[in-house]
Every structure is written in structure tokens, then in C-alpha cells.
Protein chains: 2
Amino acid sequence: MATTSMKDVARAAGVSVGTVSNVLNRPEAVAEETRTRVLAAIGELGYVRNDSARQLRAGRSRTVAVVVLDVANPFFTDVVRGAEPLIESAGGVVTVCDSGEDVRRERRHLEILEEQRVLGLLITPVDDSSASWIERLSGHDIPLVLVDRGAGRHPHCSVAVDDVHGGRLAAGHLVEAGHERIAFIGGPTSIPQVADRLAGCRQVCEESGTHLEVYTTAGLNFAAGREAVEQMLGREDRPTALFCANDLVALGALQALTMHGVKVPHECAIVGYDDIDFAAAAAVPLSSVRQPRSQLGRTAAQLLFDEIAEGEGHTHRNVVFQPELIARASTSVDAS
Amino acid sequence: MATTSMKDVARAAGVSVGTVSNVLNRPEAVAEETRTRVLAAIGELGYVRNDSARQLRAGRSRTVAVVVLDVANPFFTDVVRGAEPLIESAGGVVTVCDSGEDVRRERRHLEILEEQRVLGLLITPVDDSSASWIERLSGHDIPLVLVDRGAGRHPHCSVAVDDVHGGRLAAGHLVEAGHERIAFIGGPTSIPQVADRLAGCRQVCEESGTHLEVYTTAGLNFAAGREAVEQMLGREDRPTALFCANDLVALGALQALTMHGVKVPHECAIVGYDDIDFAAAAAVPLSSVRQPRSQLGRTAAQLLFDEIAEGEGHTHRNVVFQPELIARASTSVDAS
DNA sequence: CCACATTATTGAATCGTTTCATGAGGGGGT
DNA sequence: ACCCCCTCATGAAACGATTCAATAATGTGG
């Protein structure tokens, strides 16, 4: 048998489809006696609403999509978790899309989301080339909030963390500890977060006359950190401290250093970024720049619903959070 | 302006909607000249297909949902990544739902997925109470594959890892290393994986006359491991080795032990489960039971599509993989 | 007893696709 | 000329819900 529809329920309960619909959507407008009869029929037939039909009529789905750079990165899972409660309590459904830092994957997701007529979008764009697609969605009346990106530069709501400041915090911490050769590991630099963190780091190094080497990686993951360190260890006169663009890279770097017998922190200090749970539990507890992850998600969801509610007369808001440095053993001076 | 529909495109190109549909779905059935004209109109108007209408007509969506216990757990992200390529190459769309080990959340997801008429489902059920819901979906013609659960017990396709064997491997490894007091940390035991791993562990302990203590936790995460260890340290005569139900728990335990100055491995050894990337990079590289994660996902997707393709005359298959023990420093005997 | 609210239900139009039977226009073959 | 076949394009009928104007049924007050 094909799936049962409202028509079947209506027939079984001896009412019209309009009434069945009312029972489901505005139960108070239906007489007690009728309502129970309809509900009974629904139970009996195992009827399940067809969301496609609902959406078609409504013109929009109730899905809010969150497009992130890497679902395996705890930073993003925390952002998502921060956003979920608000979305769900507003009757929305959350779907997470992983762009994997790949513009093509991102585009594919956006195409599908557009066809699905999603209610709204929280997105961390892969890089600047994503902009045209984002404008397209926005032009098609899909409200969106940029996450961790685009403070003020784009005509959209956004939440972000001041990554330049974060870079300064990290580098400043290392310079204060007396390091004179610092390496930055991270990439690709087309990712704005990476570029900003590096920029902040560079500022501090230039101000203090500290030598800075940059190791550009292809991604922000475990393997990237490991490979960068392998490459670095070949050189003479190697840096005494690393600033890694995120904690995954830092953990990879830490692992490679340990494997090659380089002692952290006193032969080489490390600062990461994001302060994920694993950072504190690493071989050497990792100093890291902490971002208010779940707050980032919550605020993003809030901005999205504000935009939806306000409609036409909406003015975009850009919320910027300040990061915070958490010092741990990986940069400890007295651990020597 | 409302979103532009096929009707608008048809008008602009001077053809009927049927033809526009053909251009999109069976371009070879449309004359070259007409096709380009229609495509031009589509580009001009910025037309985007409406998926709700499509699905309504088709009766099914092209979404395959993967319902996992915890998206933040690298085990599951790897399973998902393993499944994705196959699903996407078959024209499907993947959506990941996080039940958070909570039956109520799981149920909410299943309700929504059913309303969405998903193409199929890969699911790791929270516990046995999920069964009735799963049967319901299955009865409503939604094909599904159980992941990491239900080898043979349920009337469905499934992929799984022999967790009892995994538990035996872990415990056997510790017993061989000479440990005589072992603690198992994990929970809730309503999760079948946890129960099986414990069962395997218990078998070995009984066979070898090894003392076993069980610390039941509320979840399989970082904090759970930390808390269990806090509790354990209060006791006298504490175990000399831990077997943790997964790596997150193990890392939490490791962190707590280190914080209290207990040396791993020689004051207390640890074996984890899953062999996630972080395991190798932990404070003390973690011995762990490795499961073929992405293969699990790939096979699950394969089984799902087989079931969809075979239709009525389908007979369920249950694939079981064998886990493997990876020994690292956290159980090393000569590291004393 | 009539006019008038009030409340509960109905039926039809609508959302945007896909699908399929139907038909129009052209060649070829006989 | 006639018939058949082919290629393209058409128009209308689904799909399953929501919404709203129209009605039916009931009660209220004058």
C-alpha cells in the first residue's frame, strides 16, 4: 500500500481533509468530539504528515543549515551545539553540512540547500570565492549569518572572533617568554581566519623584532601539523616556538616533535588555537587561544531569527567576540 | 517578487512547462535549439528547482540520514565520511543527525525523518528501546541499515564490529602484561556496544582469575572518564590497569590520572577503544582497539543501496568486522 | 419568531514539479 | 498519394498538504 494521506484519514474519520488539517495545525478550532475521532483515525492508520507537501505549500522549509569547514573539528561541533537549542525551540530543524574546506563541496551543498528552500543559513565560508554564491542565496531571500567571518565587510549579519587580536595574544605570549625565533604553521592562507591569525602574529613579531617563519599547510588538521614539523626539523637554526593556526595542527605538530625527541616546551614551545577539549589532555597540555564557541553559535542563531522576524526593515548586525589566551604546560617557562 | 518557477521560465522561453522539465531531466529528448533557449531563460531569471515539489511528486526524498550517537566522537565522523562518497555518487544527499545518546532526541529525529520521507537510514540505535521506532520506520517502507549494532538479532541489514571480541582483546592484552586488578570504565550499560565490550572483558577476567571492577558512567565522553577516575582514586587497593569503553573516556581518564600524579603506564595502564586520531597523540600514546571505521560506513551505505535496488525480494545481510588491538605506550611493560 | 452572532465544517484553489497520453510536423518507402 | 514512423512539444492530471471564503448548525437577545 502506498503511504496513507490525509484523504485516507479524512475518509476513515468521516470528515473532510480540511478538518484533518485543522486537527493537526489548529486543534483549538475543532470540536472536541471530532478531534478525538480524527486523532483515533490517525493512530489507527499510522498516518505521518508529508513534509514535502507541507513545504511546497508553505514555500519554505523549516530547516536551518549550518555549513562548517570541518565537522571533525570540535570547534565547529561546539558552535553547532550552541546554535541548536535556539533553533529547535523555535520549531526549526538543524542540518549540518561539511564543506571540508573545499569550495566545490561547499558549492554543492549551497546548491542543494537553495533547492530545498531552507529557512536560513549559518555559514563559515571557505574563502573569498564563496562570496558570489553567498550573495546569490541572499538575493534569493535566504537569510544568512556569517560565522566566524566577515565582521563588517559583507552586507550580512555576522558573528566573529577577533582573530587578529588572537594572533597577537599568541605571539605576544611567546615573545614575553623570551622566544626570538617563532614559526607559524597553518593554511591555506586563503582561509581568512588563518590570514588574520597570521597577521596578528606578524604585527607582534615586527613590533618586537622577532624572527618569524611561516609554514603554509594545505589544511587545518592533524596531518598538516605533523608534516610541517617534519619539514621544519630538516632545517638548521630552527624556531624555538610554534604558533599553530588551530589545535588540531598543534596536536599534530606536538606529536611529530615528541616522535623526534624534541622536548616540549623547553626545546620548542607551542601555542594552539581554539582550546578544544583535547588541548588540555594532550601529551603536553597545550596553551591555546580560546574562543567562545557555543556562544558564537547561539548568537548566530539569534541573529538569524531576528533577521527572519524583522523582515524587510532589518539592519544587519555584526557581533565580535574577543578571544582569550589559556596558558598551559606547552609554553611554560619554568618547566625547563 | 516571489521565487521564479518553471512557469516563468516556460513563458520567457516561449515553451510549455513540460518542456522545461524535460530540459532539466531528460535533455536528450529536447531539440538542441529549444534546449539552449530554455537554459538561457533559466540563467536569465536565476531559476532554482523547488525540491519540495519534486519530492512531493516523486514520493521520496533523495536524502540518506545517518543517525549517530555523538557527532563529536571521531569514530562516528569517520563512519559518516566512509559512507558519504557512495551515497553522493548515487545522487543522494547525506544528512547527519546526532542523537546524543538520548532516546528522546533520537525519537524526535526519527519523527522528522519519517515526515521527510527519507530515502534510507543508517542508524546506530541508542538502546533497545529504540527498536519499536525502528520497526515503525521499517514498516513504513523506509529501508535502513543498523550500524555497529544488531548482528543477526534484528530483521535488518547491519554492519557491526565484534565488540565482545574487542573486549577480549583489550582484557587479554592487560592480563598478558601481568595485571591482576583491572577496572572497566564506561556506560551506560544499556548501550549494547558498552555491554558487549564489558562482556568480552569479563570473560577473559573470569577465565584467568583476574579481579575486575566496573565503573559505570552516564555517557561515553571526556568528562565521564575524568569523573570515574576521581572516584576510583578515593579507594584503596586500586586497579593497576583500566579498560575504557572508548577513547574519549580513556583520554579523560588519562588526564585525571596525570593530574593526580599517577604515572601511566607503570602505575596504571590504560586501553581505550576506537583508536581515534587523538589516541596516538595523547599525553601517553594510547593503546586502543581499532575498528575499521570508514569501511563500516562504506559497507553500510552499500547494503542500503542494495536493499533499495533489490526491493521486495531482498534478504537482509549482516556484516561483522573483527577489531584489532593497537599497542602503544599506555600499556607498555618495558616503560617502567 | 426573526435577526444576528458564534462556532464547526466543508470544498475548492493553490503551491511547483513530473509524467504521460496526445498531437503536430516531417521525411521515407511503396 | 498514402501510410507509417520518428522526433519534439504540449497540456492536463497527479502528488499531499494548507488556507480561506462560504455555508450549515446552533444559540441569544429583542
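What's counted below: heavy atoms across the whole structure, side chains too, no hydrogens, waters or symmetry copies. Convention: sequence-line order gives letters A, B, ...; per-chain numbering from 1.
Protein atom CG of Asp51(A) is 13 Å distant from nucleotide atom C1' of dT18(D), rounded to whole Å. Taking atom CD of residue Glu33(A) and atom P of nucleotide dT26(D), one finds them 13 Å apart after rounding to whole Å. Rounded to a whole Å, the CZ atom of Arg60(A) is 22 Å from the P atom of dT14(C). Lys7(A) has its NZ atom 9 Å from the C1' atom of dC15(D), to the nearest Å. Spacing between atom CZ of Arg11(B) and atom P of dG11(D) amounts to 13 Å, rounded to whole angstrom units. Going from atom CZ of Arg37(B) over to atom P of dA9(D) covers 8 Å, rounded to whole Å. Counting to the nearest Å, the P atom of dT18(C) and the CE atom of Met6(B) are 4 Å from each other. In this structure, Gln55(A) places its CD atom 11 Å from P of dT18(D), rounding to the nearest Å.
The side chain of Ala31(B) lies closest to dA9(D) when the candidates are dA9(D), dT10(C), dG16(D). Counting only heavy atoms from C-beta on, Val30(B) has its side chain closest to dA9(D) among dA9(D), dG16(C), dT17(C). Here dT9(C) is the nucleotide among dT9(C), dG16(C), dT17(C) with the atom lying nearest to any side-chain atom of Thr19(A). The side chain of Arg57(B) lies closest to dC15(D) when the candidates are dT10(C), dA12(D), dC15(D). Proximity note for Ala53(B) (side chain, C-beta onward) versus dT18(D), dT17(C), dT19(C): the nearest is dT17(C). Distance from the side chain of Val15(A) is smallest for dT10(C) among the nucleotides dT10(C), dG16(C), dA17(D).
Panel note: side chain Arg49(A), backbone Glu115(B); no donor-acceptor pair is recorded below 3.5 Å. Side-chain atoms of Arg298(A) never come within 3.5 Å of backbone atoms of Leu86(A) as a donor-acceptor pair (strictly under, hydrogens ignored).
No side-chain donor from either of Glu135(A) and His140(A) sits under 3.5 Å from a side-chain acceptor of the other.
Of the charged side-chain nitrogens involved, none lies within less than 4.0 Å of a carboxylate oxygen, so that Arg105(B) and Asp98(B) do not count as a salt-bridged pair.
Contact annotation for Ser21(B): base contact, defined as any heavy-atom pair under 4.0 Å involving a base atom. Nucleic acid contact class of Thr34(A) (heavy atoms, under 4.0 Å, all strands): sugar-phosphate only. Nucleic acid contact class of Asn25(B) (heavy atoms, under 4.0 Å, all strands): sugar-phosphate only.
If Asn50(B) and Arg26(B) are placed on DNA chain C by their nearest nucleotide, the residue sitting closer to the 5' end is Asn50(B). Checking Leu56(B) against Glu32(B), the closest nucleotide of DNA chain D that is more toward the 5' end is the one next to Glu32(B). Ranked by how close their nearest DNA chain C nucleotide is to the 5' end, Glu28(A) and Gly18(A) are led by Glu28(A).
Between Thr95(B) and Val64(B) there is no side-chain heavy-atom pair separated by less than 4.5 Å.
When all heavy atoms of Pro188(B) and Ala218(B) are compared, the closest pair comes out as CD-O, 3.3 Å.
Distances shorter than 4.0 Å separate some side-chain N or O of Arg49(B) from OP1 or OP2 on dT18(C).
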